[in-house]
*Asks:* 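Next up is a structure, given as structure tokens.
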Amino acid sequence: MSGSDERPADAGSLRHGLPELIAERRAKALRLRQTDAEAFPYAFAGTEPIAAILDAYEHLAAGEETEDSHRVAGRVLAKRGAGKAAFLDLVDRTGKIQLHARVDVLGSEALQRLTSLDVGDLIGVDGAALRSRKGEISLRVDAFTVLAKALRPPPDKHGGLSDVQTRYRRRELDLMASEDARKLFADRARIISAVRGYLDTEGFLEVETPVLQPLYGGALARPFTTHHNELDRDLYLRIATELYLKRLLVGGLERVYELGKDFRNEGVSSKHNPEFTMVEFYEAYADYSDEAVRLEELVRRAARAVDYAGELDLEGRWRRVTFVESIAEATGIDLSSARDPDALRAEVVARGLEIATEGASWPQMADDLLSKFVEPTLQQPTFVLDYPVELSPFAREHRSRAGLVERWEAFAGGIEIANAFSELVDPDVQRERFEAQQRLASAGEEAQPYDELFLAALEQGMPPAGGVGLGIDRLVMLLTGRDSIREVVLFPAMRD
RNA sequence: GCCCCGUUAGCUCAUCUGGUAGAGCGCCGGACUUUUAAUCCGGUGGGGCGGGUUCGAGUCCCGCACGGGGCACCA
């Protein structure tokens, strides 16, 4: 943005639009500096939340006034002049209260200062509680202080801000204009707090593992790469925390979790942001069935934390269906009999299903069938169980079904929210999986790097364990009824 | 990377076939001591960027930028 837009108007130069609005506000700020010794104080101590005042005077009758003085601070949302009186709406993080200014209380000079405030200015007020004749709980302005002059105009006071581009790029304006936006991010915080609360209560230890990793792993995704100058080596921003957390189980921490950002250098969509918040938790001596129960409980706690009242049944036991069953239900294809690429391709073509089959591997096609034909239908929370081994390099082979692993993905609202395994703990099997991944990589496919330190950890003896990765942004989408990840991330990734 | 749609005043939106671009809110000035989308009077402000066609382009054409949706991608 060009700085020349923001200078006050020079004498004789014609300025319009935003520069003019800013110039007018700057002129007012200048006047404040000249006339008010405390125009820009460093702090304003002793304020009460507006909501507390509204609660405390609920009993007042219309027209009833008190001499109980209260101190509040917030942003001027609206201004209604009435000659020798004025009304302002003041908003803080807890609510909105009307201010009533009168010349017989303030004097004409102070009233003039008050009415020359702009919508968007931050002020502190001392005043007595009253209920106006029209019935609104208000504060009579006995004294006020400008806490910050707003040099730019706020969004429209009733139309609000609806341009999505501005809402995402300048989230502060969205929050300023929309109580709903403020509530959404408060809900997000409550959800995260509930997740931590549940895991803490269950004896999980919150840990922090490297974001900058010498090798990336734990998921299949392209990483962001960066460079450490002193060590003179490339590092990757983590795509998952999985491998480090499992090493902590080897170390005996037994129940651990990490909640934080992962980074994937992939496309942006309504379900994908290049940096996103994930919680992964791992539990020794448990398997994937135990973890399904944990996820149900964890999501139930989070839903209660925000008084979830949507369409999804998050209180009861979630539906469970196997990978093979779910695809058979949705497409009629029996994966257990179409076990090689050619057979599966023939089935897909015969049924006229629109997925890529040219040169596609069996696992690619199977996964495509799931994401295209099953996932969108899974509105009520559902665990899809027992995936083909080819799709899951860190999951343990199924105890009774050949070719499958003990893995589930949890879906709700038509999107994937979580993924879990009975963790693969056998170092020799894990080594074979890495080797298979290397063959994929040399064939040009995305695959796991070979992680010797992780294998060494497994060779120390890793307890049987269940582990879960839960996408926090998607959980927030689900519990707040938003259909885009950009709505629930404060500052989503945008082009410059 | 591909396809479709969008971009007009500080904000929210209009503007038939190409012919002087409008409103509400905001802002500035004035009136008003109980308003709350305050009201009343007067004033102020604009076609994303770059080309082209045309006597004349917000409108038609080309390119670019950004956004939205979809596809691809995303275990």
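Residue numbers start from 1 in every chain, and the chains themselves are labelled A, B, ... in the order their sequence lines are given, proteins ahead of strands.
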*Asks:* If you check every side-chain atom of A/E20, which of B/rA75, B/rG10, B/rU44 has the closest atom?
*Replies:* B/rU44
*Asks:* Please state whether the phosphate of B/rC28, meaning OP1 or OP2, lies under 4.0 angstrom from any side-chain nitrogen or oxygen of A/K28.
*Replies:*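 Affirmative; the distance criterion is met.
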*Asks:* Between B/rA72 and A/K372, is there an OP1 or OP2 to side-chain N/O distance shorter than 4.0 Å?
*Replies:* yes
*Asks:* Less than 4.0 angstrom from a charged side-chain N to a carboxylate O is my criterion; do A/R113 and A/E109 meet it?
*Replies:* yes
*Asks:* Where each residue is assigned the nucleotide of RNA chain B containing its nearest heavy atom, which of A/P153 and A/S116 is assigned the position nearer the 5′ end?
*Replies:* A/P153
*Asks:* So what does A/G81 touch, heavy atoms closer than 4.0 Å: a base, only the sugar-phosphate, or nothing?
*Replies:* base
*Asks:* Check this for me, if you would: do A/E280 and A/R238 make a salt bridge, where the nitrogen-to-carboxylate-oxygen distance has to be below 4.0 angstrom?
*Replies:* no
*Asks:* Checking side-chain polar atoms at under 3.5 Å, does A/E64 have a donor or acceptor matched by the opposite partner on A/Y57?
*Replies:* no
*Asks:* Please report the distance separating the C1' of B/rC25 from the corresponding atom of B/rG68, rounded so that it comes out in whole Å.
*Replies:* 26 Å
*Asks:* In whole angstrom, what separates A/L151's CG from B/rG26's C1'?
*Replies:*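 A/L151 atom CG is separated from B/rG26 atom C1' by 16 Å.
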*Asks:* If you draw the axis of the six-membered ring of A/F491, does the NZ or CZ of A/R171 fall within 45° of it and under 6.0 Å from the ring centre?
*Replies:*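 So A/R171 doesn't make the cation-pi contact.
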*Asks:* When both hydrogen-bonding distances must be under 3.5 Å and the geometry is Watson-Crick or G-U wobble, what is B/rG42 paired with, if anything?
*Replies:*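 Here B/rG42 is engaged in a pair, and the nucleotide opposite it is B/rC28.
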*Asks:* Let's see if you get this right: which residues in residues 99-108 of chain A place a heavy atom under 4.0 Å from RNA chain B?
*Replies:* A/H100, A/R102, A/V103, A/D104
*Asks:* Side chain of A/S270 only, heavy atoms from C-beta on: which candidate in B/rC27, B/rC73, B/rG69 is closest?
*Replies:* B/rG69
*Asks:* For the pair A/K28 and A/D121, find out whether any cationic side-chain nitrogen is under 4.0 Å from an anionic carboxylate oxygen.
*Replies:* no
*Asks:* Tell me the interatomic distance from A/I22, atom CD1, to B/rG45, atom P, rounded to whole angstroms.
*Replies:*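 Distance check: A/I22 CD1 to B/rG45 P gives 17 Å.
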*Asks:* How long is the line joining CG of A/L173 and P of B/rG26, in whole Å?
*Replies:* 18 Å
*Asks:* Between A/E487 (CD) and B/rG68 (C1'), how many Å, whole number?
*Replies:*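 Atom-to-atom, A/E487 to B/rG68, this comes out as 12 Å.
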*Asks:* Mind checking the P distance from B/rC5 to B/rC64? Whole angstroms is fine.
*Replies:*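 Result for the P pair: 16 Å, nearest Å.
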*Asks:* Whole-Å distance between B/rG10 P and A/L161 CG?
*Replies:*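 Taking CG of A/L161 and P of B/rG10, I get 14 Å after rounding.
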*Asks:* So, is A/S162 close to the B/rC13 phosphate, meaning a side-chain N or O under 4.0 Å from OP1 or OP2?
*Replies:*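 For B/rC13, OP1/OP2 do have a side-chain N/O of A/S162 under 4.0 Å.
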*Asks:* Using atom P of each nucleotide, how far apart are B/rU34 and B/rA23 to the nearest Å?
*Replies:* 32 Å
*Asks:* CZ of A/R25 versus P of B/rG10: gap in Å, rounded?
*Replies:*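 One finds 14 Å between P of B/rG10 and CZ of A/R25, rounded.
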*Asks:* Between B/rU33, B/rC28, B/rU34, spot the one nearest the side chain of A/S132, thanks.
*Replies:* B/rU34
*Asks:* Looking for any heavy atom pair under 4.0 Å, which part of the strands does A/Y387 touch: base, sugar-phosphate only, or nothing?
*Replies:* nothing
*Asks:* As a test of reading the structure: which of B/rU33, B/rG70, B/rC27 is closest to the side chain of A/K84, going by heavy atoms?
*Replies:* B/rU33
*Asks:* Whether the A/R486 and A/N273 side chains hold a donor-acceptor pair (N or O, under 3.5 Å, no angle test) is what I'd like checked.
*Replies:* no
*Asks:* Does this structure show an ion pair linking A/R140 with A/E67, if we count only N-O contacts that are shorter than 4.0 Å?
*Replies:* yes
*Asks:* Strictly distance-based, threshold 3.5 Å: is any side-chain N or O of A/R433 a donor or acceptor partner for the main-chain N or O of A/P393?
*Replies:* yes
*Asks:* Partner lookup for B/rC71, please. Criteria are Watson-Crick or G-U wobble with both distances under 3.5 angstrom; report none if nothing qualifies.
*Replies:*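 In the structure as shown, B/rC71 has B/rG1 as its Watson-Crick or wobble partner.
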*Asks:* For A/E242, report the nucleic acid contact type (base, sugar-phosphate, nothing); a contact means any heavy atom under 4.0 Å.
*Replies:*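 The residue A/E242 makes no contact with any strand.
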*Asks:* Please determine whether a side-chain nitrogen or oxygen atom of A/R152 lies at a distance below 4.0 Å from atom OP1 or OP2 of B/rC11.
*Replies:* no
*Asks:* Of all the nucleotides listed (B/rC73, B/rU33, B/rG68), which has the minimum atom distance to the side chain of A/V164?
*Replies:* B/rG68
*Asks:* Does any nucleotide pair with B/rG6 by Watson-Crick or G-U wobble geometry, both distances under 3.5 Å, and what is it?
*Replies:*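 Here B/rG6 is engaged in a pair, and the nucleotide opposite it is B/rC66.
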*Asks:* With rounding to the closest Å, how many angstrom separate the P atoms on B/rC49 and B/rU8?
*Replies:*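 About 10 Å, rounded to a whole number of Å.
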*Asks:* Tell me whether the OP1 or OP2 atom of B/rA37 has a side-chain N or O from A/R80 closer than 4.0 Å.
*Replies:* no
*Asks:* Less than 4.0 angstrom between a side-chain N/O of A/R486 and OP1 or OP2 of B/rG67, yes or no?
*Replies:* no
*Asks:* Distance between the P atoms of B/rC13 and B/rU7, in whole angstroms?
*Replies:* 11 Å
*Asks:* Got a salt bridge between A/E452 and A/R431, using NZ or NE/NH1/NH2 to carboxylate O under 4.0 Å?
*Replies:*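 Looking at A/E452 and A/R431, the cut-off is met.
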*Asks:* Taking the C1' atom in each of B/rG50 and B/rG69, what is the distance between them to the nearest angstrom?
*Replies:* 27 Å
*Asks:* For B/rA21 and B/rG47, measure between their C1' atoms and round to the nearest Å.
*Replies:*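 Taking atom C1' in both B/rA21 and B/rG47, they lie 8 Å apart.
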*Asks:* Starting at CD1 of A/I485 and ending at C1' of B/rG69, how long is that distance when rounded to a whole Å?
*Replies:*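 For the pair A/I485 CD1 and B/rG69 C1', the rounded distance is 17 Å.
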*Asks:* Please pick, from B/rU34, B/rU44, B/rA75, the nucleotide with the shortest atom-to-atom distance to any side-chain atom of A/R407.
*Replies:* B/rA75
*Asks:* With RNA chain B as reference, determine whether A/L117 or A/P393 sits nearer its 5' end, using the nearest nucleotide of each.
*Replies:* A/L117
*Asks:* Could you tell me how far B/rG18 sits from B/rA57 if I compare only their C1' atoms? Round to whole Å.
*Replies:* 6 Å
*Asks:* Across all strands, who's sitting opposite B/rC60 as a Watson-Crick or G-U wobble pair, both distances under 3.5 Å?
*Replies:*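 Paired with B/rC60, as far as the under-3.5 Å criterion goes, is B/rG52.
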*Asks:* Salt-bridged, A/R152 to A/E172, with N to O below 4.0 Å?
*Replies:* no
*Asks:* Regarding A/R169, tell me which of base, sugar-phosphate or nothing describes its non-hydrogen contacts under 4.0 Å with the strands shown.
*Replies:* sugar-phosphate
*Asks:* Please report, rounded to the nearest Å, how far the P atom of B/rG48 is from the CG atom of A/D163.
*Replies:* 14 Å
*Asks:* Answer yes if the side chains of A/Y387 and A/E406 hold a donor-acceptor pair under 3.5 Å, and no otherwise.
*Replies:* no
